[in-house]
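Numbers restart at 1 for each chain; the letters A, B, ... are given by sequence-line order, proteins then strands.
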Number of protein chains: 2
Amino acid sequence: MKKQTPTLRDIARETGVHVSTVSRALNPVTGTSITDDVVKRIKEAADRLGYRPNRLAVGLRTNRTMTVGLMIPDITNTIFPPILRGVESVLEPLGYAVIIVNTDSMAAREHQLVDVLRERGVDGIIHAAVLRDDPKIIEVVRGGTPVVTVNRRIEGEGIPSVVNDDALGVRLVLGHLYDEGHRRIAHVAGPANLSTGQFRRKAFKSAATEMGLKLPAKAIQQAKRFDEAEGRRCTEALLDSWNPTAILCANDRLALGALEVLEERGIECPGEISVTGFNDMPFLDRIRPGLTTVRIEQFGVGQESARLLVRMMTEPETTAPSETILPVRLIKRGSVAPPPAE
Amino acid sequence: MKKQTPTLRDIARETGVHVSTVSRALNPVTGTSITDDVVKRIKEAADRLGYRPNRLAVGLRTNRTMTVGLMIPDITNTIFPPILRGVESVLEPLGYAVIIVNTDSMAAREHQLVDVLRERGVDGIIHAAVLRDDPKIIEVVRGGTPVVTVNRRIEGEGIPSVVNDDALGVRLVLGHLYDEGHRRIAHVAGPANLSTGQFRRKAFKSAATEMGLKLPAKAIQQAKRFDEAEGRRCTEALLDSWNPTAILCANDRLALGALEVLEERGIECPGEISVTGFNDMPFLDRIRPGLTTVRIEQFGVGQESARLLVRMMTEPETTAPSETILPVRLIKRGSVAPPPAE
DNA sequence: TTGTATGCGTTATCAT
DNA sequence: ATGATAACGCATACAA
């Protein structure tokens, strides 16, 4: 009942040649040195039997598994599925399979999952959940495994990264708010242990300073996580200690939390306070008010990181670009309007 | 620079015993027949060297890869990420890795991806993208690979499935609409080639008939895909040929398409026409009007299917329940109200 | 309790 | 151009 999957041996028996001949015939590179007729017979037998190479055996022998690991914080966060599709779109046609792991942004889990990937001999890792201080992944890199970080980066280790143009994005929203007349602009910053959080905060400070905005310490509230609850907490702290006319949030989820607080307190958005996000998650156009935000190329980021990794895996001698920056766009929706007259 | 990952041989050399002894010592089952002291020395050496078993080698030898395939239509569809997390939550602690593939609901792609999974020797497959007629997967099952289908099912093949209580869900919304006073209730049905589409349509018809509702042929419009565009198309067809006071959609995305059409045509929802969905995707509570829908246990479905698959993989002799039905709940939001007085 | 030998399916190195 | 053989890392039947 349970039919065994055919192996090279089965084809060899069928065609009356040796296993190694079959192996060569089926490999496009070595197949050239085999008589055309024999190759034809072998290939014919191969698909008659429905032969599929056993990747485990290949991997064990060649030390290449054609598998890559994708580490993300949490696939239920809507910005990651498109990244995965982008990654797959380049990897799958090349014959790579992807093993996905969710770290939940916890260092301990991440370390454990790195080992899971290593046990499986992944040829490379796309890391979209890297922490700013991440000794484990540095160890992996030093061990010779190609790694590229996505969205975030580790400084000073020369690990290639594919990121969005955070600085530009912050400037775009900030400029937009300024143009609308805002002068007291607050920032709900992302977590300090993530490079995106830190980068956007820095970009905010320098751009705001350039524009000549006043920036009291209270103008920047630091979230501990990129989620709605922290967005709420920071917004409440903000409203209780300052009187901004606009809140620039480090990502959309923080902004959603901000909107909730404003609504609860009966503060009109955008009438009294404008709010902006970052990432352009799905559905932001359907909520009310639509959230003005920065669109990042999620699918593109996935593609780029995969292309980069493939290059690192297949041409280890060439040096990969240490930083690939993808463009971003400002998406204007309903959550920004001129500040109320004072 | 590139340090080799340690193998059993390295540990054997370190401890002065034979490889097979190391193998046994590290295996909890066979480890009992090894002197405690030796076991201790071996384990100590193992983690001093940072030993991790090579899963490829293990898999090749034991014919168990501790890998399962998860086939879904598209991870960017928001109902699937929670399912994945549910699956992982049971599989990962047991040492399984998950390979995810997106079929985009295309038969050709699905067939190809099934082969990808087979090449990798997955121990089982969780199939959330199965088509009603799916010879390829039936072949896999006959070949002896454990498969469970999720959300959908194949009839008559005895492939265990984990599904939501579609019939109950339809009854709940339909009953709710009825109670609110609706009598001309239309249905935007899902694709005929998916079991969920067919099931919900059947449930709609029988429940509507029981309630004594009139059901002209035009009351049911059949979508070709579960997406917003098809929701729009069907809703337009509906409005052009009938005058329903409520539209019960086979899933949320169809309902979102319906809402768009109503808004474009200046028809009030829920004032003039009520709309309902199915699945309870994220964000439905933030749009306007909030969509009344049926909540399915996405995470739970993932968990159950994984548990079921584990059982099939590890206890092939026991017969698995052919159908596991998970409960659903009606979620009332703003998109349903009594019909306008006539 | 431990060592020896073999094989999982494949590729690569030697022969022929 | 093809065959024979070893080896990848591990588990296991068999010996001792």
Residues forming a side-chain hydrogen bond (donor to acceptor under 3.5 Å, both in side chains) with B:Asn164, sequence neighbours excluded | none

Without swapping roles, check the side chain of A:Ser305 against the backbone of A:Val301 for a donor-acceptor pair under 3.5 Å.
-> yes

Atom-to-atom span, CG of A:Asp10 to C1' of C:dT10 - whole angstrom = 13 Å

Can you give me every donor-acceptor pair (side chain of residues 33-42 of chain B, partner residue at least two apart or in another chain, under 3.5 Å) with its distance?
{"residue": "B:Ser33", "atom": "OG", "partner": "B:Thr30", "partner atom": "O", "Å": "3.0"}
{"residue": "B:Arg41", "atom": "NH2", "partner": "B:Thr15", "partner atom": "O", "Å": "2.6"}

Between D:dC8, C:dT10, D:dC10, which one does the side chain of B:Val58 approach most closely?
-> D:dC10

Hey, which of these two, B:Ala57 or B:Thr21, hits DNA chain C nearer its 5' end, going by closest nucleotide?
-> B:Thr21

Taking OP1 and OP2 of C:dT10, is either one under 4.0 Å from a side-chain nitrogen or oxygen of A:Ser23?
-> no

Within residues 33-46 of chain A, find the residues that approach DNA chain D with a heavy atom at under 4.0 Å, and present them sorted by residue number.
-> A:Ser33, A:Ile34, A:Thr35, A:Val38

Considering non-hydrogen atoms only, spot the tightest contact between A:Ile154 and A:Leu131 and give its length.
-> CG1-O, 3.6 Å

Excluding sequence neighbours, so at least two apart, what forms side-chain hydrogen bond (donor to acceptor under 3.5 Å, both in side chains) with B:Lys43?
-> none

For B:Thr7, report the nucleic acid contact type (base, sugar-phosphate, nothing); a contact means any heavy atom under 4.0 Å.
-> sugar-phosphate

Can you tell me how far C1' of C:dG7 sits from CG of B:Asn63, to the nearest Å?
-> 12 Å

To the nearest Å, how far apart are B:Arg9 CZ and C:dA5 P?
-> 15 Å

Are B:Arg142 and B:Glu157 within salt-bridge range, i.e. N to O under 4.0 Å?
-> yes

D:dT2 phosphate, OP1 or OP2, under 4.0 Å from A:His18 side-chain N/O | no

Is any side-chain N of the basic residue among A:Arg9 and A:Glu14 closer than 4.0 Å to the acidic one's carboxylate O?
-> no

Between C:dG9 atom P and B:Asn54 atom CG, what is the distance in whole Å?
-> 16 Å

Can you tell me the distance, in whole Å, between the CG atom of B:Leu60 and the C1' atom of D:dG9?
-> 9 Å

Rounded interatomic separation in angstrom, taking CZ from B:Arg52 and P from D:dG9 | 17 Å

So what does A:Val17 touch, heavy atoms closer than 4.0 Å: a base, only the sugar-phosphate, or nothing?
-> sugar-phosphate

To the nearest angstrom, how far is A:Leu8 atom CG from D:dG3 atom C1'?
-> 15 Å

Is the backbone N or O of A:Ser195 less than 3.5 Å from a side-chain atom of A:Arg132, with the two atoms forming a donor-acceptor pair by type?
-> no

Can you check the B:Asn27 CG to C:dT2 P distance for me, whole Å?
-> 15 Å

Who are the side-chain hydrogen bond (donor to acceptor under 3.5 Å, both in side chains) partners of B:Arg85, not counting sequence neighbours?
-> A:Asp74, A:Asp104

Return the polar atom pairs (N/O with N/O) between nucleotides 13-16 of chain D and the protein under 3.5 Å, or none.
{"residue": "D:dA13", "atom": "N6", "partner": "B:Arg24", "partner atom": "NH1", "Å": "3.2"}

